[in-house]
Amino acid sequence: MTTQNAPREIVEDAAASAGDLAVQMIEVNKWYGDFHVLRDINLEVFRRERIVICGPSGSGKSTLIRCINRLEEHQSGRIIVDGVELTEDVKKIEEIRREVGMVFQHFNLFPHLTVLENCTLAPIWVKRMPKKEAEEIAMHFLEKVRIPEQAHKYPGQLSGGQQQRVAIARSLCMKPQIMLFDEPTSALDPEMIKEVLDVMVELAESGMTMLVVTHEMGFARQVADRVIFMDQGQIVEMNTPDEFFSNPKSERTKLFLSQILH
Amino acid sequence: MTTETRRIVFYRDEMLPPKPPPPATTGVIGWMRRNLFSDWWNTLLTFIGLYIIWLIVSWLVDFAILSAVFTGEDRNACLPKNGVEVGACWAFVNARFNQFMDGFYPTDQEWRYLLLYAVGIVLLVPLLIPKAPYKGLNALLLFGAYPLLAYLLLYGAPSLGLPVVETTQWGGLLLTLVIASVGIVISLPLGILFALGRRSELPVIRFLSIVFIEFWRGVPLITVLFMSSVMLPLFLPEDVTLDKVIRPLVGVALFAAAYMAEVVRGGLQAIPKGQYEAAQALGLTYWRMMGLIILPQALKLVIPGIVNTFIGLFKDTSLVSIIGLFDLLGIVQSALSDPKWSTPTTAATAYLFLALTYWLFCFGMSRYSIFMERYLHTGHKR
């Protein structure tokens, strides 16, 4: 019985050097007031790795990925992204944000700008790219997400699925090293989920490092290298998708899976 | 017993085409039927309303046009004729028109402010038309070069052959426009800064912004004007004299800035957190995030409030007549005491003229704000 409380680790023989790490979280803790949202998070994400994070609501999974680009501040422990440690230093934070793209549940497109302007804004103002070059890159990624014909429309004229694909293109225009997805399909009508997942699958196949918070278990099975299950601010289980779904180790994971896989 | 067939299965392969709405619910007839004559009570109210409108309009037309006196040298023109009172005494306004426009500005120098008005219109109109090109250059000229030109033309520069016209000689509509436009141009950017300051995460900046806003909002404008004209000189060293027009001008601008700050803050609060997060996630710095993402949306939302403040400021400029400046209201009122034009309808005419002039400017601003709201709304409804 004693072994059940102690976290068990299966160390794979991947001889990882620090240069292969995209994200490293060491003993990360975070509180909202008295509420302990992230508890002793240890996570290493390798380059080109695809990680799916799932868990019940309030388990801290969104908070975890939002710490990676400092939309949330962690209060203890270390987070190292692309070799740069996140501290109070605003310059470092901006440097990391240039390398880390993020896609939100509610798209968060800028409604006063056209689709094309949404995509070129950051390259022009953050990377100081000439407008013409930024537009070429934007059109390239809008073609990748299969909506180049919508470039001159405003976000409000698009469907939810189209908006989310624009949001993905907007992030990709910054040529990020890492992409974070925070429940990208949760706010979509059922008919539109597939078009967004298809784009994400293609992105995964292109070798992008991805951390995806989602409940789309089909997606997890198809593209994830590792699946992480979180509950009460802790990583409860981390496993390959095959093992995670067919042979979960933790009782909590089994319960969760039995609830969502009807 | 009746047999009832209940339909359980239903399907269609062809979708229904849209049909036109029933007649007499659309167009002018439909609108009138719904809003004016929907039942006997509404019909009665409609007729009573029409009667009241008729009473007002017919009186106004009679007073301002039909029985009005348009020409005349002095009060004799506007005295009751055969025991019947005449209408508006426009002859009085006509005789004093120059003074109403510029106060005591020397007559031979009038071209200076007329030229300034003309340049102002040439610069302002294209800036107000959204589709006109060269917005950046246009704004630079209007907000950079134009104030300098205004100073040179209005105040004068002896080295350029323009004799000095002291601000004490400025008055009438000219003074009203100077105070209002300077107030408008200063209060908007200042208001935006204080709104951002009040929402800042830096405690000192937030505290100072709150102090500024709450101080100016908590003091009546009249008090501000009196303090600026009576008390301020007492605190300044003997040899420092601040211009009599500059002092209330600064007061009006800061006063409006405090109100503007709260209007803008209202807009900032309406922007969802996701917009900030998306901008931050893309690596935008604070000022770029505010300037490119947050403020364009927030200001668009509060256009009615901003224009409301502008209109309030424009009308509040008339309070400077209390501290001895002869703005449009001040100069008209002082003209009323002239015995040469003392007739039963002089005052009514003068105030009608005042009301019309103020109304024209304020209504213009109001219409423009409605136009901008509609223009900015197209395309991205959400």
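Since we're looking at a predicted model, the values are computed, not measured. The figures that follow rest on heavy atoms only: side chains count, while hydrogens, waters and symmetry mates do not. Here is how names work: the chains are called A, B, and so on, in the same order as the sequence lines, proteins then strands, and each is numbered from 1.
Each of M174(A), K127(A), R170(A), K153(A) has some count of heavy-atom pairs under 4.5 Å with chain B, and the biggest count is that of R170(A).
Of all heavy-atom pairs between E94(A) and G283(B), the closest is CG-O, 4.3 Å. Summarising the geometry of P111(A) relative to Q297(B), their closest heavy-atom pair is CG-OE1, 3.2 Å, with the distance given to 0.1 Å.
Counting non-hydrogen atoms of other residues, nucleotides and ligands closer than 6.0 Å to NZ of K175(A) gives a total of 12 or fewer. More than 12 heavy-atom neighbours from other residues, nucleotides or ligands sit within 6.0 angstrom of CZ on F10(B). The environment of CZ in F371(B) is crowded: more than 12 heavy-atom neighbours from other residues, nucleotides or ligands sit within 6.0 Å. No more than 12 heavy atoms of other residues, nucleotides or ligands sit less than 6.0 Å from atom CZ of R78(A). In E149(A), the CD atom is crowded: over 12 heavy atoms of neighbouring residues, nucleotides or ligands sit closer than 6.0 Å. The number of heavy-atom neighbours closer than 6.0 Å to CZ of F207(B), taken from other residues, nucleotides and ligands shown, is 12 or below.
Checked by atom type and distance alone, the side chain of H112(A) never pairs as donor or acceptor with a backbone atom of I294(B) at under 3.5 Å. Panel note: side chain Q275(B), backbone L109(A); a donor-acceptor pair is recorded below 3.5 Å. A donor-acceptor pair under 3.5 Å is formed between the side chain of N108(A) and the backbone N or O of G274(B). Of the possible donor and acceptor atoms, none in the side chain of R98(A) sits under 3.5 Å from a partner among the backbone N and O of L282(B).
Judged as a salt bridge (Lys or Arg N to Asp or Glu O under 4.0 Å), and not counting sequence neighbours, the contacts of R66(A) are E72(A), E277(B).
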Q: Report the C-alpha distance between L284(B) and L121(A) in whole Å, list the side-chain angles of each, state the deciding distance to 0.1 Å, and finish with yes or no for side-chain contact (heavy atoms from CB on, under 4.5 Å).
A: CA-CA 9 Å; L284(B) 292 173; L121(A) 183 112; 3.6 Å; yes

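Two residues are said to be in side-chain contact when any heavy atoms from C-beta on lie closer than 4.5 Å; T285(B) and V90(A) fail this criterion. Side-chain contact check for P272(B) versus H106(A): every heavy-atom pair is 4.5 Å or farther apart.
Only the side chain of F104(A) comes within less than 4.5 Å of a heavy atom of chain B; its backbone N, CA, C and O stay farther away.
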